[in-house]
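Read through the structure below, which is laid out as structure tokens, and then see the notes.
Sequence lines set the chain letters: A, B, ... in the order given, protein chains first and strands last, and positions in each chain run from 1. Computation of the quantities below employed the complete heavy-atom set of this structure, encompassing side-chain atoms and omitting hydrogens, waters and symmetry-equivalent molecules.
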2 protein chains.
Amino acid sequence: MPRLSLYLQVLDDLPAGVSRVSSEELAARAGVNSPKVRKDLSYLGSYGVRGVGYDVEHLRFQIRRELGLTREWAVVIVGVGNLGRALANYGGFREQGFNVVGIFDDDPNKVGTRVGEHRVEPLSALPDAVRAGGARIGIIATPAEGAQTVAELLAAAGVQAILNFAPTVVRVPAGVQVRRVDFSAELQVLAFHLHQGEAL
Amino acid sequence: MPRLSLYLQVLDDLPAGVSRVSSEELAARAGVNSPKVRKDLSYLGSYGVRGVGYDVEHLRFQIRRELGLTREWAVVIVGVGNLGRALANYGGFREQGFNVVGIFDDDPNKVGTRVGEHRVEPLSALPDAVRAGGARIGIIATPAEGAQTVAELLAAAGVQAILNFAPTVVRVPAGVQVRRVDFSAELQVLAFHLHQGEAL
DNA sequence: ACATGTGAAGCGCTTCACAGCG
DNA sequence: CGCTGTGAAGCGCTTCACATGT
């Protein structure tokens, strides 16, 4: 249920001091309609109060519990370009319980440099670091060329989930899940809708 | 149809010299099943050859035409952090017909610096630049705090579609479409599945 | 009175199986 | 014979309306 993340975001953005929220208001802020919000939230259990709404703090906790965010997740990042640096410094990860335990690159000029609070390690150090840090999630922020190799390396090191920012489709062993984030594809969707709108 | 972007990516990744491709192979490379590929492609028209497959070059063109990528789209980027730089230097945009016509930041220390082939301009220059460049798409790569202001600025300048990388939900006037890319949400989906997998 | 929670209807996408065509 | 193209069935998500509870 990817919308739960969105609701969580909206709840975090709520003005401080607001302790109750209705499905109507949540829906407006999230850009969806209210029956959808109620249906989604009903999956978590009956945490709303009829005639009143939802308790913000309680709801936040329940969503986090459902998403598995009550624990910490160790994450490794491969690729120290601008994107890798942006991800390594991204405060949102920490807030949501994602803990970057290592950042890697095979460029000798980058190895040893600092990125935020981390020191860049060579790719050869990845397997040990994954084991030591208990990382189950890996992020690929390399150019397209290196992505497949990195994906295999991550999988071999024991990573079970990969977020792939490289503009390629990577193949991985069964049991490893991959999610792509493709910047061009996002723009293409926007362009598609603009394109459509014109045809009318 | 967001899968068309994926097929386009797969077609681009095909080894050079391959001129024909079957729905079976496309499906395998894209990570979906073949009936879905055929159904999707049938929407474009009947461009396959029975008993043979699809002509790669022809198919690429037809998908690009459907997605509105046969024309150029002017894009502006707001926010010159690591992410903004990554986006400005991202070669994939240019390849797909997205032309970055300006990059903006309100930090005086960043204004005037070079990012790739662009010079950073102040936010005050954005409206004129949007008009001059004919930009209909804007990218928000600022921290969460500035996102809402930037969104309004973009909309006021005439931008009709916004790709928002800031971890907030921005409100925009009717007629402007917004797409969010939320790094935390992506990790949350991965974590959710890992979490689920354990419960079995 | 007010807002949640939910069964039922509606809708679109996915899957399947096979007809059609090179 | 092989692979595409597609009608029909299946499935899940969305929407709606209202009963329920405070």
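B/Gln177 places a side-chain N or O within donor-acceptor distance of the main-chain N or O of A/Leu190, the cut-off being under 3.5 Å. B/Arg119 places a side-chain N or O within 3.5 Å of a backbone atom of B/Gly112 that can act as its donor or acceptor partner. In terms of modelled atom types and a separation under 3.5 Å, the side chain of B/Gln148 and the main chain of B/Arg171 share a donor-acceptor contact. Of the possible polar contacts, one joining the A/Asp105 side chain to the A/Asp107 backbone as a donor-acceptor pair under 3.5 Å is found.
At the phosphate of D/dC3, neither OP1 nor OP2 sits under 4.0 Å from any side-chain N or O atom of B/Ser23.
Sorted by residue number, the members of residues 49-67 of chain A with any non-hydrogen atom under 4.0 Å from DNA chain C read A/Val49, A/Arg50, A/Gly51, A/Val52, A/Gly53, A/Tyr54.
Spacing between atom NZ of A/Lys39 and atom C1' of D/dA19 amounts to 14 Å, rounded to whole angstrom units. Here D/dG2 presents its P atom at 17 Å from CD of B/Glu25, a figure rounded to the nearest Å. In this structure, NZ of B/Lys36 is placed 17 Å from C1' of D/dT6, rounded to the nearest angstrom. Distance B/Arg38 CZ to D/dG2 P: 15 Å, rounded to the nearest Å.
Among the atoms of the strands shown, none is found under 4.0 Å from any heavy atom of B/Arg20. Looking at heavy-atom distances under 4.0 Å, B/Tyr43 makes no contact with the nucleic acid at all.
The ring of B/Phe183 has its center closer than 6.0 angstrom to the ring center of A/Phe165.
Where B/Glu24 and A/Asp40 each meet DNA chain D at their nearest nucleotide, the meeting point lying more 5' is that of B/Glu24.
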Determine, stepwise, if the pair A/Gln188 / B/Ser5 fulfils side-chain hydrogen bond (donor to acceptor under 3.5 Å, both in side chains). CA-CA 7 Å; A/Gln188 283 169 26; B/Ser5 296; 2.6 Å; yes
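Atom CZ of B/Arg20 is surrounded by 12 or fewer heavy atoms from other residues, nucleotides or ligands within 6.0 Å.
B/Val172 pairs in a side chain to side chain contact (heavy atoms under 4.5 Å, CB included) with only one of the listed residues (B/Val159, B/Val178, B/Leu154, B/Asn164), which is B/Val178.
Along DNA chain C, the stretch of nucleotides lying under 4.0 Å from any heavy atom of chain A spans, 5' to 3', C/dC2 to C/dA8.
At least one side-chain heavy atom of A/Arg94 sits less than 4.5 Å from a side-chain heavy atom of A/Asn99.
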